[in-house]
Amino acid sequence: MTTTPTALTAETLLEGLNDPQQQAVRHEGVPLLVVAGAGSGKTRVLTRRIAWLIAVRKAHPGSILAITFTNKAAAEMKERVSELVGNRARMMWVSTFHSSCVRILRKEVEHLGYERLKSNFSIYDAQDQKRLIQLVCSDMELDPRRFQPGPILHWISNHKNELRGPDEVAAEARNSIDETYAAAYKSYQRRLREANAVDFDDLIMETVRLFQLKPEIRETYRRRFRHILVDEYQDTNHAQYALIHQLCGQDLEEHDPTTLDGLPADRVPPAELMVVGDADQSIYAFRGADIRNIMDFEKDFPDARTILLEQNYRSTQTILTAANAVIERNEGRKPKRLWSDAGDGEKIVGYVADTEHDEARFVSTEIDALTDQGLKPSDVAVFYRTNAQSRVFEEIFIRTGLPYKVVGGVRFYERREIRDALAYLRMLVNPDDQVSLRRILNTPKRGIGDRAVLAITMFADRERITFWEALQRAAEAPGLATRSQTNIEGFVAMVVELQQMVAAGERPDVVLETVLDRSGYLASLEGSDDPQDATRVENLGELVAVAREFAEDPVAAPSADPADVDAGLVEPGLADFLERVALVADSDQIPDAPADDAADPDAPEDQGVVTLMTLHTAKGLEFPVVFLTGLEDGVFPHSRALGDKPELEEERRLAYVGITRARQRLYISRAVVRSAWGAPAHNPGSRFLGELPIDLVDWRRTEADQTRWTRPSYGSSDDYSGNRLGAPNAAGRRNFSSAAARADAAAKSKPSRPIPVLAPGDKVTHDSFGLGTVVAVEGAAEKSVASIDFGSDGVKRLLLRYAPVEKL
DNA sequence: AATTAGTTCATTTTT
DNA sequence: TGAACTAATT
């Protein structure tokens, strides 16, 4: 296909699209919902439609607002549209909800009516929020047992997503706990604003509030955005939904006539709206996503039209049939069946392992076999429900020499040194940012300890000045040691000097390097003998590189908004860099599609690596081969979801997402025994396994194949679920709070303790000694004792009844 | 101020 | 089990 914009015609834009896809591209007028099943080419539809709007319907690019959920998706979409329509695409707003809202808020903050909130506000992420709420809690002298940061923040976030401010919530508090929470919410908000900061949820909530407060401002944006497209609509929360309505709703005025004040008489008709999503892939309810937004679209927009995309261009029919079969179990779901003309392909391969180690070994061996058949490790992904499950795979993969990469876990921008460095930069841009300021005040150690901080805090409170102002007037603070005062003065002098540098418009990377140097931060790491600190220095080098790249080419950097650059908004400064970093976080996380780039000719064996990740992070990705692991009730579906229908349905959608990531081959596996929190637990197979059509799965190994155990003569039942393996050691008796332990307790009534039947020469594993070979066995059944050679750990005599030994 | 020994508590996390 | 946080020690 040609990429020359001049050759762009209606025909080329519809080329290669199926009928419903074409309809979605051509649609005009009423609100449109595109229900896009997994792999049905929705990104293609979105990009073609945008190009269509510009090229065929002559829409001004600046009148287009396209919302995605990740910056990566935004950057990709912008890129693809640019390929179609060329430079004109620069004027579009293609960004996340959060980025769009930041742009609006930075411009309009003063209309919000917060005294301290200015356009250089900081954006607080989860970690910053936690620090702030901790300050609030200690301020309120809350019992740290009953009121923990996590739950409070979650509670606040829920309310913000529902657009409920602190006063509203306080008014509705029904008990003392709610009242305390509401008070914490109020204090948290107050401190946020005092710090000239907002959190992620505020970005949306405050934008909605802005539009409510100032209808004329809302009107200017309604006027500007004539075409609004929202991707991943099933993941929107209520606040985001409200925002869309403010921009597109045709009947908003009737709902709320009081907001009409100040509206120009010549109001514009609502923008053309298209939302794209798939209710079956809604897996973020726990973060406030409200599946009703997409389910009720036709109700919310009565004249709406719906287009279904069911043809899948990614997977084999076998995989799709499996996915359909699972998701159909969800109730109240709108019917949709994915289909493919790619043929049935391979059967799904199933495997029941004895333990999670065996499961990982199976995966490893199988990947080995696949690579022998010409597949690259980068074609393979291993999915699991929780991050903790990655460990076993890592252990085994390291042992077998299989290259891999874990996606998720500790992200680059969450590392301590990166956050420290960014905290310096943030407080330079916004000295009111107390969280950042407190973070680096004594990092590295410069003799400003808790006592000094306390004295300054009290002084600031009494004088009703900010923390930073109090630091500058440290000499007046009562109860401050002279030594601390000297140290603070040194710190203030350094900050002032750095601030001048920023004010002079110095490049972000240069500021960063100076900060690291002048603060002594880098020196303190370099002087350390902790090997971790060497890595930290490297990471900081990386951050400087990121800043440099940004300074030199902000457009090429991920998710840049060229409209800003075009608009002659000077060259990006430190504040812009911080904003990018705050909202983009980790584009380097997910390895790009198996790179064909001959970037490194010195690495001919570059076959890429196997990708390990949670099912949640897998959303939106695809791989030729997928291993779906840990399919056990209590693991996946997660134990917390077992008793709750909506949650169980969300787990099922997660399974659906996982299955539909696979293009050619899908493996499903589970472990009969899995060690959770130290104690081995016996998990029954996932209910989702039973929902797969049996003829689609080729079971390589089943429960019946598992290592034989002597069954107690009185326990003839096939049902082994709930049995605990090995000795009821100290570890095993702890932790009766978890669901796994509860299942275990329920099983206690059944007297049975499987004892492995061993013979000399057998290979076994022991929980603490590892791999061993049986040398001799004495006694029978309950009294059998085996002598086992564990290599470097020597030969042990073990009473099989108690020893955590497994036959291999 | 920094190390260390206890204690607690364990989903998922696009921004 | 083990990481992550707190409290107590030197």
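Convention: sequence-line order gives letters A, B, ...; per-chain numbering from 1. The model shown is predicted, which means the values in this text are computed figures rather than measured ones.
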Describe, in one word, how the ring planes of A:Phe393 and A:Tyr384 are oriented to each other, choosing from parallel (under 30°), tilted (30 to 60°) and perpendicular (over 60°). parallel
Does the plane of the ring in A:His159 sit parallel, tilted or perpendicular to the ring in A:Trp155? Use 30° and 60° as the thresholds. perpendicular
Presence of A:Asn237 side-chain N/O under 4.0 Å of B:dT15 phosphate oxygens OP1/OP2: no
d(CD, A:Gln129; P, B:dT13) in whole Å: 17 Å
Atom-to-atom span, CG of A:Leu654 to C1' of B:dT14 - whole angstrom: 14 Å
Grab the OH-C1' distance between A:Tyr413 and B:dT14 for me, whole Å please. 16 Å
Run the salt-bridge test on A:Arg653 and A:Asp278 with the 4.0 Å N-O cut-off and return the result as yes or no. no
What's A:Gln134 touching, base or sugar-phosphate or nothing? Going by heavy atoms closer than 4.0 Å. nothing
Give A:Glu650 one of three labels, base, sugar-phosphate or nothing, depending on what nucleic acid heavy atoms sit under 4.0 Å from its own. nothing
Within 45° cone and under 6.0 Å: A:Arg661 NZ/CZ vs A:Phe383 ring: no
What contact category does A:Arg451 fall into here, base, sugar-phosphate, or nothing, at under 4.0 angstrom with non-hydrogen atoms? nothing
Could you work out, with salt bridge (Lys or Arg N to Asp or Glu O under 4.0 Å) as the rule, every residue matching A:Asp125, not counting sequence neighbours? A:Arg419
Taking atom C1' of C:dG2 as reference, at what distance in whole Å does atom CZ of A:Arg391 sit? 7 Å
Of the listed nucleotides (B:dT15, B:dT12, B:dA10), which one gets closest to any side-chain atom of A:His98? B:dT15
Distance check: side-chain N/O of A:Thr614 vs OP1/OP2 of B:dT13, anything under 4.0 Å? yes
Looking only at the side chain of A:Lys445 (C-beta and beyond, no hydrogens), which of the listed nucleotides C:dC5, B:dA1, B:dT15 gets closest? B:dA1
Find which nucleotide of DNA chain B each of A:Thr70 and A:Ala641 is nearest to by heavy atoms, and output the residue with the more 5' nucleotide. A:Ala641
Does a side-chain N or O from A:Asn71 land closer than 4.0 Å to OP1 or OP2 of B:dT14, or not? no
Closest to the A:Tyr284 side chain, choosing from B:dT15, B:dT14, B:dA10: B:dT14
Contacts of A:Arg483 meeting salt bridge (Lys or Arg N to Asp or Glu O under 4.0 Å) (sequence neighbours excluded), chain-then-number -> none
Might you point out which heavy atoms bring A:Asn120 and A:Asn430 nearest each other, and give the distance in Å? O-CB, 3.8 Å
I'd like the P distance from B:dT12 over to C:dC5, given in whole Å. 15 Å
Of the candidates B:dT14, B:dA10, B:dT15, the side chain of A:Asp235 sits closest to B:dT14
Is the phosphate of B:dT12 approached by A:Asn387 (side-chain N or O, under 4.0 Å from OP1 or OP2)? yes
For the P atoms, the ones on B:dT13 and on C:dA4, what distance do you get once it is rounded to whole angstrom? 15 Å
In whole angstroms, how far is the C1' atom of B:dT11 from the CH2 atom of A:Trp677? 10 Å
B:dT11 glycosidic conformation (syn if within 90° of 0, otherwise anti) is syn
How close or far is atom C1' of B:dA1 from atom CZ of A:Arg446, stated in whole angstroms? 15 Å
Out of B:dT15, B:dT13, B:dT11, minimum distance to the side chain of A:Thr96 belongs to B:dT15
Counting only side-chain heavy atoms from C-beta out, which of C:dG2, B:dT13, B:dT11 sits nearest to A:Arg385? B:dT11
Expressed in angstrom and rounded to an integer, what is the separation of A:Met77 atom CE from B:dT14 atom C1'? 14 Å
Provide, to the nearest angstrom, the distance between the CG atom belonging to A:Leu615 and the P atom belonging to B:dT12. 12 Å
Minimum-distance nucleotide to A:Phe200 side chain [options: B:dT15, C:dC5, B:dT11]: B:dT15
Counting only side-chain heavy atoms from C-beta out, which of B:dT14, B:dA10, B:dT12 sits nearest to A:Phe286? B:dT12
Report yes if the ring of A:His616 lies under 5.5 Å from the six-membered base ring of B:dT12 with planes under 30°, and no otherwise. no
Quick check: on DNA chain B, is the nucleotide nearest A:Asp201 upstream (toward 5') of the one nearest A:Gly447, or the reverse? Name the residue that is more 5'. A:Gly447
